[in-house]
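Below is one structure, written out as structure tokens; the observations come after it.
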Amino acid sequence: MLAAQAKLVYHLNKYYSEKCLSRKAAVSKTVREVCKVVSDVLKEVEAQEPRFISSLNEMENRYEGLEVISPTEFEVVLYLNQMGVFNFVDDGSLPGCAVLKLSDGRKRSMSLWVEFITASGYLSARKIRSRFQTLVAQAVDKCSYRDVVKMVAESSEVKLRIRDRYVVQITPAFKCTGIWPRSAAHWPMPHVPWPGPNRAAEVKAEGFNLLSKECYSLNGKQSSAESDAWVLQFADAENRLILGGCRKKCLSLLKALRDRHLELPGQPLNNYHMKTLVSYECEKHPRECDWDESCLGDRLNGILLQLISCLQCRRCPHYFLPNLDLFQGKPNSALENAAKQTWRLAREILTNPKSLEKL
């Protein structure tokens, strides 16, 4: 048993050094190329409208606010200033979303975003996004990369296609630190020993972001509150959660396997599903020794089996907001196909670790 486990870990480490590290290097190179173009566009936006100040800064070889969705898809979060005069309201009526409402007695005119406040006193995510989209469209025509970048039409999201190879979504957002949303107040569960009180406090201190983007959990439920609502995102908290042990290595392996074998019609799976399942695996295996390098094969298999289960049940709950299903809106046929493909992959790795040389 131990020999089989050691053999699997050996092949996974080989796969990591041969496939994952080269994938990381290629993605980093693409990110630099993409960020040059996006920075140039955002510089033009800022010149037209100083309230949209670019926050795309490089820090320690990574760009703050940039998420890699796949090797050709990226999201840049543009942090806006001054949310101050608004109250954050997440009462659970809009899963995965919250609204920003003028605090009682505050004058609209005190807000930097006065023209985006609705009659009911909400700061409208949709109105801000619509204005931002107009500014980006104008900036694309003026920027020095105008020959290689164009807006993706037919979307209320702000998306750029760069060199006909990459798609970057730019999402206006507010950073919320020092508070934690009510809809995630159940976390961490009292009966789950991971991540422990100190780590949980650190994770909560990272806070969350409010993004101006379409909330897929509300598709079809058109209401004014919904179009004004902001989407909750926990990128910094999630990144802090998976520090230590072989967690990040495990995620890198899952991303590489997804890119090579689970990039399927209907786009059922992305990097974020993998990251979410790593967090759930941490809860199931709360001890640090469970994330020792020697357990890498067990953890990877556990996550692949959990992924198959989620795909078969057609449900993958968000880690912090379990009422939110990350498979919502995905076609059943795509999820079924992904379940079969993931099962083939897991069986291959488990029964013949050497097959990783060809995967």
Side-chain angles (χ1 to χ4, degrees), residues 35 42 46 50-68 74-92 94-104 106 110-113 116-117 122-125 128-129 132 169-189 194-213 215 228-244 247-248 272 275-276 278-279 282 318-324:
C35 284
L42 290 177
E46 199 180 315
R51 286 178 298 182
F52 290 100
I53 299 166
S54 174
S55 55
L56 187 62
N57 303 315
E58 191 178 359
M59 291 165 67
E60 296 168 10
N61 286 333
R62 58 185 293 273
Y63 286 87
E64 193 188 4
L66 182 125
E67 288 287 307
V68 178
F74 307 89
E75 181 171 18
V76 169
V77 173
L78 180 76
Y79 293 110
L80 306 174
N81 281 333
Q82 279 192 19
M83 192 178 82
V85 298
F86 295 95
N87 283 333
F88 166 76
V89 183
D90 71 325
D91 57 8
L94 305 169
C97 298
V99 291
L100 292 172
K101 196 172 192 330
L102 264 183
S103 39
D104 293 342
R106 295 284 193 168
M110 290 173 69
S111 170
L112 181 69
W113 308 100
F116 305 111
I117 300 171
Y122 293 107
L123 180 62
S124 170
I128 283 187
R129 189 164 69 247
F132 182 59
Q169 180 165 329
I170 312 176
T171 306
F174 287 109
K175 198 186 240 319
C176 306
T177 48
I179 58 170
W180 190 248
R182 204 162 82 183
S183 48
H186 65 281
W187 185 87
M189 300 287 223
W194 185 81
N198 293 346
R199 189 79 173 277
E202 284 174 17
V203 167
K204 287 184 173 185
E206 290 285 356
F208 57 97
N209 296 325
L210 289 174
L211 307 185
S212 168
K213 65 195 291 189
C215 188
D228 297 329
W230 297 74
V231 174
L232 292 156
Q233 186 227 41
F234 297 84
D236 294 336
E238 287 157 349
N239 289 337
R240 183 170 281 273
L241 258 188
I242 60 168
L243 293 174
R247 292 175 179 88
K248 287 183 82 171
Y272 190 65
K275 194 182 195 181
T276 299
V278 171
S279 297
C282 291
H318 187 286
Y319 180 65
F320 288 118
L321 309 169
N323 290 340
L324 189 62

Compute the centroid of each ring, for [X] and then for [Y], and state whether the two points are separated by less than 6.0 Å.
X	Y	result
W113	F52	yes
W230	F208	no
Y63	F74	no

Any donor-acceptor pair under 3.5 Å from [X] side chain to [Y] backbone:
X	Y	answer
R247	V278	no
D90	S183	yes
S124	D228	no

Minimal non-hydrogen separation, [X] against [Y], with atom names:
X	Y	result
A125	A229	CB-O, 3.1 Å
L324	G96	CD2-CA, 3.9 Å
L100	F174	CD1-CD1, 3.8 Å
R199	L243	NH2-O, 2.9 Å
E46	S54	OE1-N, 3.1 Å
P172	I128	CB-CG2, 4.2 Å

About how many Å separate [atom2] of [Y] and [atom1] of [X], when rounded to the nearest 0.5 Å?
X	Y	atom1	atom2	answer
I242	T276	CD1	OG1	10.0 Å
N57	E64	CG	CD	6.5 Å
L42	L78	CG	CG	6.0 Å
F132	I170	CZ	CD1	5.0 Å

Can you check whether [X] reaches [Y] side chain to side chain, under 4.5 Å on heavy atoms?
X	Y	answer
K275	Y319	no
L232	H318	no
V77	E67	no
E202	P195	no
F88	R182	no

(request) Any chance you could lay out the side chain to side chain contact (heavy atoms under 4.5 Å, CB included) test for L66 and C35, step after step, and finish with the verdict? (result) CA-CA 9 Å; L66 182 125; C35 284; 3.6 Å; yes
(request) Apply side chain to side chain contact (heavy atoms under 4.5 Å, CB included) to the pair F86 and L210, showing each step before the final yes or no. (result) CA-CA 13 Å; F86 295 95; L210 289 174; over 6 Å; no
(message) Using the side chain to side chain contact (heavy atoms under 4.5 Å, CB included) criterion, which residues pair with K213? Sequence neighbours excluded.
(response)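 Side chain to side chain contact (heavy atoms under 4.5 Å, CB included) check on K213 returns E75, E157, Q169, T171, L211, V231.
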(request) Please identify each residue that fulfils side chain to side chain contact (heavy atoms under 4.5 Å, CB included) with D236, with sequence neighbours left out. (result)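 For D236, the residues satisfying side chain to side chain contact (heavy atoms under 4.5 Å, CB included) (neighbours in sequence not counted) are K175, E206.
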(message) Determine whether W180 and F234 satisfy the following criterion, side chain to side chain contact (heavy atoms under 4.5 Å, CB included), listing intermediate values before the conclusion.
(response) CA-CA 10 Å; W180 190 248; F234 297 84; 3.7 Å; yes
